[in-house]
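Read the structure below first, then the notes.
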There are 2 protein chains.
Amino acid sequence: MKKFSSRYSISVHILSLVALSPTSCTSDFIAESVNTNPVIIRRIIGMLKKAGLVHVRAGAGGTYLQKELDEITLLDVYRAVEVADHEHIFNCHDETNPRCPVGANIESVFRTKMLQAQSAMEHELDQVTLKQLVSELKEKTGSI
Amino acid sequence: MKKFSSRYSISVHILSLVALSPTSCTSDFIAESVNTNPVIIRRIIGMLKKAGLVHVRAGAGGTYLQKELDEITLLDVYRAVEVADHEHIFNCHDETNPRCPVGANIESVFRTKMLQAQSAMEHELDQVTLKQLVSELKEKTGSI
DNA sequence: TCTCGATGTAATCATTATAGTTACAACGGA
DNA sequence: TCCGTTGTAACTATAATGATTACATCGAGA
């Protein structure tokens, strides 16, 4: 399967950096930690900005949190860069043969089950705040 | 985001057909209900066969269940055609900057959280047997 | 044994998402 | 005004998906 893109993990990386770094977080600075191109970072930051998670100082440069760390969950980040609310991650083939009893009803039955599974996953993401995650990062590094 | 492929929903469709159809299920017959090319069906059936869910009468034609309907869960089908056991659906960027405290530790922390979310979803899939799903299909059609 | 329908699989093609890169206009603080 | 930074557009490469054609092989039944 094609996995979720690395946009998500990079987003968490960016937000952690912004939260922890005492210096100004420019896209160049972040790109160096992530080890990718600054444009990739700017594109992702654009999505985080749209979602109201960060704001950016145009011209001057630098990204800053728009909310408190404990007000941002992993679900918020996931919604910002991967899967919008009410978007289905399980694709279902459509235009099945309506004259076949299975073809006529498989979609609604399948979708219902998949929605339950997806919700269970997203509920888990909603349980973790960036504050918790950053605190685990700090533990691992022995404080920054 | 790139969703899970329709292989999964088609697989469930195929297995339901095989379970319910009184006549022999050839790839042509199934393809007509799914409304796609028979080769697509044969490829997916090949994966279901490898997973031990069905067997196929070579030469003569026709696909048959290898297990009882209540012995196959949606997780079994998912494992057969989408995500192998221990495979991560959340990608994580690697080769981060090891000299940055965030870059050095983000991967292990992120992966742990994602694994919990993925497990929650797969657990839900494990709760549904094909027997239940087929029974819901029957209800909708008013018996086949 | 021969025929004929079905399977298994390779090869090709179009489409789409991701990821990386270059280029450049516009912004705004020093 | 200058210069570093942001915001985007444009282009390229790669990979997964889905559809399709082609064909060797299998095996049940005539």
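None of these values were measured; they are calculated from a predicted model. Proteins get letters first, then strands, A, B, ... in listed order; numbering begins at 1 in each.
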H88(B) NE2: over 12 foreign heavy atoms closer than 6.0 Å: yes

Rounded to whole Å, how long is the line connecting atom [atom1] of [X] with atom [atom2] of [N]?
X: F29(B); N: dT7(C); atom1: CZ; atom2: P; result: 12 Å
X: I41(A); N: dT18(C); atom1: CD1; atom2: P; result: 16 Å
X: I44(B); N: dA19(D); atom1: CD1; atom2: C1'; result: 12 Å
X: R7(B); N: dG18(D); atom1: CZ; atom2: C1'; result: 10 Å
X: H55(B); N: dT7(C); atom1: NE2; atom2: C1'; result: 15 Å
X: Y8(A); N: dA19(C); atom1: OH; atom2: P; result: 15 Å
X: M47(A); N: dA17(C); atom1: CE; atom2: C1'; result: 12 Å
X: I89(B); N: dA16(D); atom1: CD1; atom2: P; result: 17 Å

Along DNA chain D (nearest heavy atom to each residue), the more 5'-positioned of A58(A) and R43(A): A58(A)

Residue-phosphate contact under 4.0 Å: K49(B) side-chain N/O, dT7(C) OP1/OP2: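 Checking dT7(C) against K49(B), no side-chain N or O comes under 4.0 Å of OP1 or OP2.
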
Below 4.0 Å: OP1/OP2 of dT5(D) and any side-chain N or O of S27(A): no

Quick one: does [X]'s side chain have a donor or acceptor within less than 3.5 Å of a partner on [Y]'s backbone?
X: Q66(B); Y: A51(B); result: no
X: S9(A); Y: H93(B); result: yes
X: Q132(B); Y: T129(B); result: yes
X: E95(A); Y: N35(B); result: no

Residue pair L74(B), Y8(B): steps toward the side-chain contact (heavy atoms from CB on, under 4.5 Å) verdict: CA-CA 9 Å; L74(B) 288 184; Y8(B) 188 28; 3.5 Å; yes

Choosing from [options], which nucleotide comes nearest the side chain of [X]?
X: T36(A); options: dT20(D), dG20(C), dA23(C); result: dG20(C)
X: V39(A); options: dC26(D), dA23(C), dT21(D); result: dA23(C)
X: T26(A); options: dT5(D), dA28(D), dA19(D); result: dT5(D)
X: V56(B); options: dG7(D), dT7(C), dA19(D); result: dT7(C)

Pairing of R79(A) and E122(A) as salt bridge, 4.0 angstrom limit: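 Salt bridge present between R79(A) and E122(A).
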
Test applied, side chain to side chain contact (heavy atoms under 4.5 Å, CB included); reference residue, S27(B); option that passes from N37(B), I14(B), I44(B), I41(B): I41(B)

Sugar-phosphate, base or nothing in reach of G62(B), heavy atoms under 4.0 Å: sugar-phosphate

Touch class at under 4.0 angstrom, heavy-atom based, for G59(A) against every strand present: base

5'-most by nearest nucleotide on DNA chain C - N35(A) or A60(A):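 This one resolves to N35(A).
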
Residue whose nearest DNA chain C nucleotide is more 5′ - R42(A) or T63(B):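 So the residue in question is T63(B).
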
Five-pair end axes of the helix from dT1(C)-dA30(D) to dA30(C)-dT1(D) and the angle they enclose, rounded to 10°: 10°

